[in-house]
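Side chains included, hydrogens not; waters and symmetry mates left out as well; all remaining heavy atoms used. Chain letters run A, B, ... following the sequence lines, proteins first and then strands; every chain starts at 1.
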2 protein chains.
Amino acid sequence: MLKDIIDNSENYQPGLSIDCVIFGFHDNQLKVLLIKVERANKWSLPGGFIPVDQDIDTAAITVLNSRTGVEGVFLRQFATFGKVNRNHQHFDKKALEYFQIEEEKAKWLTRRFVTIGYYALVDFSKILPNLLGRNEVVEWIDHKEVPELILDHREILDKALDTLRIELNLMPIGYNLLPEKFTIPELQKLYETILDKKLDRRNFLRKITNIGILTKLDEKKSNVAHKAPNLYSFDKEKYDEVLKNGLNQGW
Amino acid sequence: MLKDIIDNSENYQPGLSIDCVIFGFHDNQLKVLLIKVERANKWSLPGGFIPVDQDIDTAAITVLNSRTGVEGVFLRQFATFGKVNRNHQHFDKKALEYFQIEEEKAKWLTRRFVTIGYYALVDFSKILPNLLGRNEVVEWIDHKEVPELILDHREILDKALDTLRIELNLMPIGYNLLPEKFTIPELQKLYETILDKKLDRRNFLRKITNIGILTKLDEKKSNVAHKAPNLYSFDKEKYDEVLKNGLNQGW
DNA sequence: GATTAATGTGTTATTATGACGCAATGTAAT
DNA sequence: ATTACATTGCGTCATAATAACACATTAATC
C-alpha cells in the first residue's frame, strides 16, 4: 500500500496529504472513524495522498470512499495544517523497515507534510468499517473517548469539531448523520451531542420546525419505552435551499 | 527573486504556495491589494512560497509583511485551493525565458501547485504599497473594480470575501481596518461595504454599541460638512474577549 | 440667520428566545 | 385491569432582539 505509493511517488503531490475527520451518530453519541496504527500503538485519522491528476476535493472523496464505502455524503474542507515539525520523526528507521521502504526513497516520506483537513458527516448505519477487506483495524469511537492520536491528529479533530459547531448555526445538520426516518428527540440529541450542551425540548421543537425543512410523517417509532415519538424526514428540496442560503442572517 | 527560489528549490515546500487576500478600507470602499503581472497584463494576489523550515502560518505572515510592511495584523487562513489545472501553463516557455529559468529546474515550477489562501485585514492608512522598493506595481484596488486576475485568483478572492461576510456575524470587525479613532457612520459604511447591503443607521448604532467593544471619546470629527460625528475607539480588551468567545450563540 | 444634510436619541410594533406548565401516550409494575 | 411512570406533544408567558420609523440637534454653507 504505502510502498506502492512511494514506488510511484512521482504520481503524487509531494509533501501534501489529506486527512478526514469522519463523523457518525449512534446510540446518542457522536462517533469518529479512526484507524489503529499497530506499530505506534496509537490511532490515526483516515488519510491519504493526492494523485497529481486529481483535484484535492476529488482526492478527499477518494479517501472517504475507500474507508466508508459510501458515496454522495457531506464532505467539507475546513483547514490546512502545516507546522514545521508536525510529522517530524513520524517515519523513523523502524517504520521504514516495517514498510520495507528504501532509504533513498524514504526522503519523499520524511519531509514535512502539509495536510488538508476535511470533515465528513455520514450515516452511521450505512457504514461497516470492518468489512472493507483491508488489513487494518477501523473503528467508530465515541468522540469523548478518543485515545491518543498520531502526529497532530488530535488538533485536527478538535478543529473539525469546532468548525462543525460553528456551521451548526449557519446551516441545517442531520440529513447526512441520521437515517431517513427519525424522531425530533433523536435530532435534538444529535444537536446536544455536537454542541455538548442541553437544549430545551420544547424550544428546540419550535425552532427546528420553524426552519421548514422537516416533514412530519404519519408514523410513530415502534418498540420504544414510554410514549412513541413521531417520525420525521427531511424535505430534501427545502433542506438544500436552506443549506445554500444559510440560516442566520446576523447583520 | 523567483529565480533565487528556483535555484534553491530544495529549501521550499514543493507544489505548495500561499496567496493572501489583503483587505483595506478607504474612501468608503473595500480595497484589495493587488500586484500587476506585466508579462501577462493581468493582476495577481500577493503570494509566495513556503520555506521548509517555516510553519505555513509563519510563511503567510512573511508574505504579508513583505508586501505591506505592517506587523501584528489580522491574518486568517480560510481555504486551500488545488484543482488539477489551476496553474496549468501558467509558466509557459515565454515566462520561463523571462525569468531566465532553465528547463530542467522549471519542472519544479510547472507542476500543479496547491495554494493556501489567507485573508488579512489591515489599516489602509498605515500602508504605502508603492514604497516598498520592489520593482513591481502594487496597488490598492476597489473590490468592485478588480480587473482580470491570473489563475484562479478571482475564485480565491471571492471565497475570501464570502468568508469575511460570514465571520462578520461571528466576530467583531474593524479594529484592523479602521484608524484608531473613527466614527460610527464610518464603521457602518465598513459593514455595509463588506456586506454589500444598506443598514439602518439607528439600529446599527444600537446593535454595535450593545456588543460593548466601543469607547465613546470626548471628541468630535473636525472638518466635516454638516453635523460633526462623535469619535470612538475600540476597547481592545473587550474586543479581544468578544473575538475569542464569538458573537452569536445560535443554538 | 436661514438652509441643509448629516448625526444623536427615542418610540412602537413585531418577532425571536428562554423558561416553564400540563395533558396525552405507551410501557411496565401491581 | 388498574396504576405508576417516563417521555412526548402542545401551549403560555415574560423578556429580549429586531425592524421600521419620527423628531430634535448640530455645524458648515449660502
Side-chain angles (χ1 to χ4, degrees), chain A residues 27-28 165 168-172 174 178 181-193 195-233 242 245-251, chain B residues 27-28 168-172 174 178-179 181-193 195-233 242 245-251:
Chain A
D27 276 345
N28 289 337
R165 280 183 183 142
L168 208 58
N169 295 320
L170 306 174
M171 64 185 192
L178 294 173
K181 296 175 182 178
F182 56 89
T183 68
I184 298 288
E186 279 167 3
L187 184 57
Q188 183 180 337
K189 284 276 160 50
L190 171 61
Y191 272 72
E192 290 181 338
T193 307
L195 296 169
D196 196 23
K197 182 163 116 184
K198 277 267 163 213
L199 300 174
D200 184 275
R201 222 163 36 85
R202 296 147 288 190
N203 294 335
F204 180 81
L205 173 67
R206 186 182 39 193
K207 206 167 165 182
I208 204 79
T209 50
N210 273 346
I211 298 174
I213 54 173
L214 295 177
T215 308
K216 189 172 182 175
L217 303 176
D218 194 18
E219 197 178 345
K220 285 172 192 295
K221 183 142 182 158
S222 53
N223 291 327
V224 287
H226 317 299
K227 181 170 181 177
N230 215 304
L231 284 169
Y232 285 77
S233 69
V242 176
N245 299 330
L247 279 175
N248 290 346
Q249 297 298 3
W251 299 94
Chain B
D27 277 345
N28 288 339
L168 209 58
N169 294 319
L170 306 175
M171 63 184 195
L178 294 173
K181 296 173 182 182
F182 56 89
T183 69
I184 297 288
E186 280 168 2
L187 184 57
Q188 181 179 340
K189 284 275 161 48
L190 172 60
Y191 271 72
E192 289 181 339
T193 307
L195 295 168
D196 196 24
K197 181 163 116 182
K198 278 265 164 212
L199 300 174
D200 184 276
R201 220 163 39 82
R202 297 147 287 190
N203 294 335
F204 179 80
L205 172 67
R206 180 157 34 93
K207 206 168 164 181
I208 204 81
T209 48
N210 275 347
I211 297 174
I213 53 171
L214 295 177
T215 307
K216 190 171 182 174
L217 303 175
D218 194 19
E219 198 178 343
K220 285 171 191 295
K221 184 143 183 158
S222 53
N223 292 325
V224 287
H226 317 301
K227 180 170 182 178
N230 215 304
L231 284 171
Y232 285 77
S233 69
V242 176
N245 299 329
L247 278 175
N248 290 346
Q249 298 299 2
W251 298 94

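Backbone-only engagement by A/Asn230 is indicated by non-hydrogen atom pairs under 4.0 Å involving sugar-phosphate atoms exclusively.
The side chain of B/Lys227 contributes no N or O atom lying less than 4.0 Å from OP1 or OP2 of C/dT9. For the pair A/Lys221 and C/dT27, the criterion of a side-chain N or O lying under 4.0 Å from OP1 or OP2 is not met.
Atom pair A/Lys207:NZ and D/dA17:P shows a separation of 13 Å (rounding to whole Å applied). A/Asn203 has its CG atom 12 Å from the C1' atom of D/dG11, to the nearest Å. Computed from coordinates, the A/Glu219 CD to D/dG9 P distance equals 14 Å when rounded to whole Å. A straight line from CH2 of B/Trp251 to P of C/dG18 spans 10 Å, rounded to a whole angstrom. For A/Lys198 and D/dT7, the NZ to P distance is 10 Å, given to the nearest whole Å. One atom, CZ of B/Arg202, and another, C1' of D/dA17, lie 17 Å apart when rounded to the nearest Å. The separation between B/His226 atom NE2 and D/dT29 atom C1' is 9 Å, rounded to whole Å. Rounded to an integer number of Å, the gap from B/Asp200 CG to D/dC21 P is 9 Å.
Atoms NZ and NZ, from B/Lys189 and B/Lys198 in turn, are 5.5 Å apart once rounded to the nearest 0.5 Å.
Using a distance-only test at 3.5 Å, with no hydrogens or angles considered, a donor-acceptor pair links the side chain of B/Trp251 to the main chain of A/Leu168.
Between B/Pro229 and B/Ile184, the closest side-chain pair of non-hydrogen atoms is not below 4.5 Å. Contact check for A/Leu214 versus A/Phe182: side-chain heavy atoms found under the 4.5 Å cut-off. Side chains of A/Asn169 and B/Asn169 form no contact here, defined as non-hydrogen atoms less than 4.5 Å apart.
On a pure distance criterion of 3.5 Å, a polar donor-acceptor pair joins the side chain of B/Arg201 and the base of C/dG8. On a pure distance criterion of 3.5 Å, a polar donor-acceptor pair joins the side chain of A/Arg206 and the base of C/dG18.
With C/dG8, C/dG26, D/dT8 as the candidates, the nucleotide lying closest to the side chain of A/Pro229 is D/dT8.
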